[in-house]
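Report on the following structure.
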Amino acid sequence: MAMRVLIVGGVAGGASAAARLRRLDESAEIIVFERGPHVSFANCGLPYFLSGEIATKDKLLVQTPERLKAVFNLDVRIRSEVVSIDRPSQVVTVRDLANGREYQERYDALVLSPGASPIVPPIPGVDRPGIFTLRNIPDLTRIDDWITSKRAKRAVVGGGGYIGLEVAEQLKRRGLDVTLAQSSSQVLIQFDPEMAAYVHAELRKHGINLLLGQPVVGFEEPTKDDAASSVVLMKNGGRVPADVVVLGLGVKPEVKLARAAGLTVGELGGIRVDDHLRTSDPAIYAVGDAVEVRDLVTGKWALMALAGPANRMGRIVADNIAGRDSNYEGSLGTAIVRVFDLTAASTGANEATLKKAGIPYQVVHLHPNSHAGYYPGAKSIAMKLLFAPDTGKLLGAQAVGEDGVDKRIDVLATALKAGMTVHDLADLELAYAPPFGSAKDPINLAGMAAQNVLAGDVRVAQWHEVEQLDPELVTILDVRDIQERAAGSIANSVHVPLPELRERISELPRNRELLVHCASGQRSYIACRMLQQHGFRCRNLTGSYKTWQKATVDRLSNTLP
């Protein structure tokens with residue numbers, strides 16, 4: 001008798017599981033239930049329709065029920081909601097949303113891929129017209145139609161995660177005045193603050209009104225003077241008129257069905273699964289945004305609502321249902337976002353995560369070019385590497401820049417998954433030609449910078465330590481050129497350009513530690529090596545003036561009234 005497999009939810013996890021299972025088992029009866037009108041669509045591409053960057057909504061449709069039937073012989077039932085699971089009988093109850101009729105279907109294996117739902121806070125006025133979330137194509141249609149019909153000119157985006165940033169960018173490109181309100185002190189909480197600072201600057205550069213540390217607390221009826229659809233109320237008492245509001249405050253796992261069926265739900269609110277993606281019921285699997293996964297760096301449970309992991313989970317579940325032993329080891333949370341002309345990407349743990357997990361770490365910053373500096377078009381990449389202070393094992397990485405960020409973060413994610421160390425990064429053989437990279441790729445340079453720290457060749461200081469220095473104990477030494485220093489400097493620093501350092505070494509105090517910086521950290525490393533061999537105590541400001549200046553200016557910008 002053919003195996004009967006029911007899949008609740010399509011899109012990344014469910015559709016991937018269905019297609020993979022068919023490739024493995026031609027005889028299985030596979031039924032996919034999708035609550036919405038589209039079984040497989042590119043939800044990560046939704047924001048890009050708002051500006052016309054993606055011209056038509058049909059470009060967002062990955063598969064249709066008709067094509068899935070023709071190619072994979074899948075029984076896809078859209079607008080069909082599974083409302084309950086009878087685990088002892090292995091039966092689900094399905095409601096046809098077109099007519100309200102309910103019926104039952106039996107299963108041998110059940111796959112839950114319900115996804116996650118946008119967080120909508122219970123604040124006054126949140127149900128007013130013109131306030132939206134963006135999770136699927138119907139949401140997109142409602143937002144687009146509203147903007148067009150109301151001739152919207154002002155938008156407020158609540159939340160500075162990936163979706164919030166993409167929506168803000170796209171609405172600005174569409175010609176709207178955009179305010180982005182973020183409850184925490186930075187956007188992209190997956191990044192450390194000095195790296196998020198580059199994104200803040202880019203948003204402001206392109207005219208986004210960025211409100212940090214200012215959660216939305218309510219919405220109210222506009223006055224005649226506001227001439228808007230709603231007034232957005234901020235925690236500090238501010239009032240921001242808006243013709244359209246899009247909330248991108250994050251998502252929460254859809255676990256109502258699983259919880260009602262008695263399946264184990266974790267402390268973070270996601271369905272608990274084992275490494276085969278089985279739930280607490282061996283006949284039921286779960287994939288995608290609804291499940292808790294293991295963080296591959298910390299080993300702790302985590303929620304990671306990302307399309308890549310969801311697709312891989314679907315494949316692994318299909319393997320296991322078909323009798324192939326396949327494991328899901330966990331996730332690194334590798335992600336990337338474009339913000340106007342900037343790309344920001346991360347993989348693995350940031351400092352906050354490592355501190356919370358009690359994992360020791362060391363940090364290096366650097367600012368290499370995306371390709372050979374002498375070849376036209378080279379752009380600086382701000383990179384941050386986090387690694388174990390004893391073994392050099394890679395723990396996390398972040399990169400921000402205009403070019404070359406995507407391929408570097410992918411190499412680092414691969415190295416992280418493989419358990420590689422910074423020594424391995426230094427030794428990687430990567431493709432090189434002047435239009436694409438350098439003989440020492442940014443990946444190699446990051447590994448080498450970390451090696452220097454591990455070997456004790458140099459001690460480093462972080463950007464945030466500068467303001468805590470005791471001037472009686474530490475002298476800040478700037479080894480940049482005169483022209484660089486004229487454009488800006490760290491207060492109370494001593495200036496000796498690197499080419500003059502040997503001749504002027506007698507000017508430096510031997511009874512104090514020297515904190516040395518240049519523009520990016522390379523020249524100050526050379527200076528530290530020289531000074532240490534002349535008997536000085538020295539630390540290199542990792543990332544140097546570029547990192548310190550960006551983070552410090554950003555901190556001041558965020559605290560201005």
Side-chain angles (χ1 to χ4, degrees), residues 161-162 184-199 250 266-268 292-306 309 329-336 344-366 382-400 405 408-426 443 446-447 449-454 456 458-466 468 521 539-543 547-548 550-551 554-555:
Y162 297 109
S184 64
S185 60
Q186 68 172 79
V187 301
L188 296 176
I189 59 172
Q190 299 85 352
F191 289 70
D192 290 313
E194 74 275 23
M195 302 301 287
Y198 293 90
V199 180
E267 294 177 3
L268 300 177
E292 293 183 10
V293 299
R294 287 290 185 185
D295 183 315
L296 280 175
V297 176
T298 67
K300 298 183 181 299
W301 291 107
L303 294 172
M304 296 187 184
L306 297 166
E329 296 178 357
S331 183
L332 295 169
T334 307
I336 189 167
S346 68
T347 186
N350 61 12
E351 288 198 54
T353 299
L354 293 172
K355 287 176 182 176
K356 185 177 180 180
I359 297 175
Y361 65 92
Q362 183 58 275
V363 172
V364 292
H365 285 274
L366 63 160
M383 294 179 66
K384 180 174 186 176
L385 207 64
L386 300 103
F387 55 96
D390 49 357
T391 64
K393 184 179 179 180
L394 190 59
L395 299 174
Q398 299 157 42
V400 184
V405 167
R408 270 58 187 229
I409 212 70
D410 282 342
V411 171
L412 290 165
T414 303
L416 193 51
K417 181 67 161 62
M420 295 170 71
T421 69
V422 297
H423 307 293
D424 297 314
L425 297 184
I443 298 294
Q451 279 184 318
N452 292 336
V453 174
L454 291 177
V458 66
R459 294 186 301 125
V460 295
Q462 301 301 318
W463 66 272
H464 54 80
E465 296 180 59
V466 172
Q468 303 165 1
R539 282 192 293 165
N540 186 16
L541 181 60
T542 185
T547 298
W548 174 86
K550 183 65 70 174
D554 181 68
R555 179 181 285 179

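Since the model is a prediction, treat every value here as computed from it, not as a measurement. One is the number of the first residue; the rest follow in order along the sequence. Below, all heavy atoms of this structure are taken into account, side chains as well, without hydrogens, waters or symmetry copies.
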Using 0.5 Å steps for rounding, measure from the OG1 atom of T347 to the CG atom of L332. 4.5 Å

Out of curiosity, Q398 CD to L386 CG, how far, rounded to the nearest 0.5 Å? 6.5 Å

Within a 6.0 Å radius of atom CD on E267, are there more than 12 heavy atoms belonging to other residues, nucleotides or ligands? no

Shortest non-hydrogen separation from A388 to L395 and the atoms involved: N-CD1, 3.7 Å

With a 4.5 Å cut-off on side-chain heavy atoms, are L306 and T334 touching? no

Specify the closest pair of heavy atoms between L366 and A446, including all atoms of both residues, with the distance to one decimal. CD1-N, 3.6 Å

Of all heavy-atom pairs linking A197 and A551, the shortest is CB-CA, 4.3 Å

Before you tell me yes or no, could you show the steps for L296 and L416 under side chain to side chain contact (heavy atoms under 4.5 Å, CB included), namely the whole-Å CA-CA distance, both residues' side-chain angles and the distance that decides it to 0.1 Å? CA-CA 9 Å; L296 280 175; L416 193 51; over 6 Å; no

Salt bridge (charged side-chain N to carboxylate O under 4.0 Å, His left out) involving K393 - partner list, sequence neighbours excluded: none

Rounded at 0.5 Å granularity, tell me how far OG1 in T547 sits from OH in Y198. 4.5 Å

Tell me if a side-chain donor or acceptor on N540 pairs with a main-chain N or O of G521 at a distance below 3.5 Å. yes

Please determine whether side chain to side chain contact (heavy atoms under 4.5 Å, CB included) holds for the pair Y162 and I336, giving the CA-CA distance in whole Å, both sets of side-chain angles, and the decisive distance to 0.1 Å. CA-CA 8 Å; Y162 297 109; I336 189 167; over 6 Å; no

Qualifying salt bridge (charged side-chain N to carboxylate O under 4.0 Å, His left out) pairs, either residue in residues 187-198, two or more places apart: D192-K384, E194-K384

Test L541 against V466 for side chain to side chain contact (heavy atoms under 4.5 Å, CB included), laying out the working first. CA-CA 9 Å; L541 181 60; V466 172; 3.9 Å; yes

So which atom in L303 and which in L268 form the shortest heavy-atom distance, rounded to 0.1 Å? CD1-O, 3.3 Å

Would you name the heavy atoms of V460 and V363 that are closest together and state the gap between them? CG2-O, 3.9 Å

E465 and R539, any side-chain heavy atoms less than 4.5 Å apart: yes

Spatial distance of atom CZ (F387) from atom CG (L354) [nearest 0.5 Å]: 12.0 Å

Using side chain to side chain contact (heavy atoms under 4.5 Å, CB included), reason through V364 and N452 one step at a time and then give a plain yes or no. CA-CA 10 Å; V364 292; N452 292 336; over 6 Å; no

Gap between atom CG of N350 and atom CD1 of I189 - 0.5 Å precision: 8.5 Å

Output the distance between atom NZ (K417) and atom CD (E329), rounded to the nearest 0.5 Å. 4.0 Å

Is a side-chain donor or acceptor of T542 paired with a backbone partner of H365 at a separation under 3.5 angstrom? yes

Please identify each residue that fulfils side chain to side chain donor-acceptor pair (under 3.5 Å) with T421, with sequence neighbours left out. D424

Closer than 3.5 angstrom, by distance alone: can the side chain of Q362 be matched with the main-chain N or O of V453 as a donor-acceptor pair? no

A399 versus F191, closest heavy-atom pair with distance: O-CE2, 4.4 Å

